[in-house]
Amino acid sequence: MKVVNIVGSGSLNTELDLETLSEEIGPPQARYDPDKYPGIYLRFEKETPLITIYRTGKYIITGPTSEEEVFDLRERFLNFLSDMDVIENAADEWFSVQNYVCTEDLNQTLNLNALAIGLGLEQTEYEPEQFPGLIYRPEKHNGVVLLFATGRVVITGCQSVDAAEEIFTDLKDDLAEFV
DNA sequence: TGAGCGGCTCCTTATATATCAGCTTCGG
DNA sequence: CCGAAGCTGATATATAAGGAGCCGCTCA
């Protein structure tokens with residue numbers, strides 16, 4: 001199971017002046033175009049996860065590939081704002097991970113038409129003319145699975161890696177029954 | 001009839017996955 | 001000059017966020 005993306009969100013619990021803040025940080029770390037989108041995009045280094053900051057003090061982190069990375073980045077972000085005197089203390093008790101995107105490989109090609117029937121037509125959507133992957137929503141889980149004819153699998157919508165792994169384990173068990 | 005408000009959809013960002021159309025570029 | 005090859009952007013999935021725009025409803 002490989003984690004390819006994590007989305008986390010938190011709140012600084014204070015209103016922010018985005019115009020001033022974006023100027024204080026400055027490009028290229030901060031990008032702010034309120035006509036295009038109401039948040040500041042903050043990236044500490046190129047090719048690293050993105051933090052989106054809102055007027056209300058809420059923020060989103062997108063792009064980390066491990067739990068350690070997402071929490072380290074959150075800490076760095078809070079310290080950064082604290083050093084700039086934007087916030088008083090580097091604490092934020094509301095932060096939580098909202099979504100994990102994971103990939104896996106079944107190491108076998110799949111007949112997606114047969115799979116749609118096997119997994120249950122009510123839990124699956126497969127319209128190859130619209131999208132080449134089969135969308136599977138397991139009844140007993142919150143996550144959503146994308147299955148491809150190559151055997152590659154994308155699992156998204158999970159609040160933990162364990163949840164994603166559970167979905168994959170159940171998927172393999174289901175496949176063993178009718179493949 | 002029109003003002004106001006609530007609810008809804010879309011936009012944007014990250015990311016894997018694959019398949020199409022449409023476009024540019026390159027070689028013979 | 002034309003076919004092939006390569007590239008780009010659309011398609012779909014989840015999720016947070018704020019704002020714009022839209023629709024329908026209620027009340028004066």
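Numbered from 1 within each chain, the chains take letters A, B, ... in sequence-line order. Scope of the values below: all heavy atoms of this structure, side chains included, with no hydrogens, waters or symmetry mates. Quick caveat, the model's predicted, so the values are computed rather than measured.
Side-chain atoms of A/T156 and base atoms of C/dA14 include a donor and an acceptor less than 3.5 Å apart.
Within 4.0 Å of A/Y59, counting heavy atoms only, lies no atom of the nucleic acid at all. A/V154 comes within contact range of at least one nucleobase, with a heavy-atom separation under 4.0 Å. Among the atoms of the strands shown, base atoms are found under 4.0 Å from some heavy atom of A/T62. Residue A/T65 is out of contact with every strand shown, counting any heavy-atom pair closer than 4.0 Å. A/T103 comes within contact range of the sugar-phosphate backbone alone, with a heavy-atom separation under 4.0 Å but no base atom that close. Counting non-hydrogen atoms under 4.0 angstrom, A/E125 reaches the backbone sugars and phosphates but no base. A/V4 comes within contact range of the sugar-phosphate backbone alone, with a heavy-atom separation under 4.0 Å but no base atom that close. Within 4.0 Å (heavy atoms only), A/L50 reaches sugar-phosphate atoms of the nucleic acid but no base atom.
The 5' end of DNA chain C is approached more closely, in terms of each residue's nearest nucleotide, by A/N5 than by the other of A/N5 and A/R55. Residue-to-nucleotide proximity on DNA chain B shows that, of A/G63 and A/G151, the 5′-proximal contact is made by A/G63. If A/I60 and A/F131 are placed on DNA chain C by their nearest nucleotide, the residue sitting closer to the 5' end is A/F131.
When all heavy atoms are compared, the tightest approach of A/N5 to A/T62 is OD1-C, 4.0 Å.
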